[in-house]
Novice: 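Here's a structure for you.
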Amino acid sequence: MLLTGCGGEPALDSDRKAAVPEASAESSPSAPTDPRPTEERAVLAAYEGMWRELAVAVQKASEEGTRIEDYASGEALATVRRDVRTMREAGTRANG
């Protein structure tokens, strides 16, 4: 049952405290939240993932074993593949 009223102090019974909840000593602080919108975090995660996979591909001069297709498509994927193929054919690899 919910009772409402206007103004005044909360009624106190001799057996009850005021109708104000007390903070629990065991309550844990809430985890910090990322203030950026969900979409922005998703875009950044995809961008960082693409560069991470690209770094692996150019270090090996091969896209085998990478997930580059999860992050790049179309012209971007074609460029990655062309660059990796060029590196492999030249016998070069990226370091660092």
Side-chain angles (χ1 to χ4, degrees):
M1 175 185 344
L2 177 63
L3 299 175
T4 61
C6 298
E9 296 292 318
L12 295 177
D13 290 342
S14 58
D15 295 345
R16 295 178 40 198
K17 294 182 180 180
V20 178
E22 292 183 22
S24 168
E26 296 180 22
S27 64
S28 61
S30 61
T33 58
D34 192 337
R36 295 177 294 195
T38 302
E39 296 83 12
E40 182 180 347
R41 290 192 309 270
V43 168
L44 289 173
Y47 177 80
E48 291 167 353
M50 193 271 307
W51 280 105
R52 195 172 35 252
E53 295 301 315
L54 179 60
V56 171
V58 298
Q59 287 172 356
K60 302 185 317 178
S62 171
E63 63 181 279
E64 273 189 48
T66 70
R67 294 178 35 212
I68 197 71
E69 290 181 356
D70 291 350
Y71 300 103
S73 63
E75 189 59 35
L77 182 57
T79 299
V80 167
R81 287 180 169 157
R82 184 176 54 247
D83 291 349
V84 169
R85 184 180 62 245
T86 300
M87 291 179 72
R88 184 175 51 252
E89 290 170 354
T92 59
R93 288 172 171 65
N95 293 330

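Just the heavy atoms: all of them, side chains too, but no hydrogens, waters or symmetry mates, feed the values below. The shown structure was predicted, so the numbers you read here are calculated from the model rather than taken from an experiment.
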Novice: Going by the rule side-chain contact (heavy atoms from CB on, under 4.5 Å), which residues pair with Thr86 if we only count those two or more places apart in sequence or in a different chain?
Specialist: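 Testing Thr86 for side-chain contact (heavy atoms from CB on, under 4.5 Å), a comparison that skips the adjacent residues, returns Arg82.
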Novice: Taking side-chain contact (heavy atoms from CB on, under 4.5 Å) as the test, write out the residues that go with Arg81, two or more places apart.
Specialist: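 side-chain contact (heavy atoms from CB on, under 4.5 Å) list for Arg81, sorted by chain: Glu63, Glu69, Leu77.
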Novice: Output a table of donor-acceptor pairs, distance under 3.5 Å, between side-chain atoms of residues 43-55 and any protein atom two or more places apart or on a different chain; print 'none' if there are none.
Specialist:
residue: Tyr47; atom: OH; partner: Trp51; partner atom: NE1; Å: 3.2
residue: Glu53; atom: OE1; partner: Arg67; partner atom: N; Å: 2.7

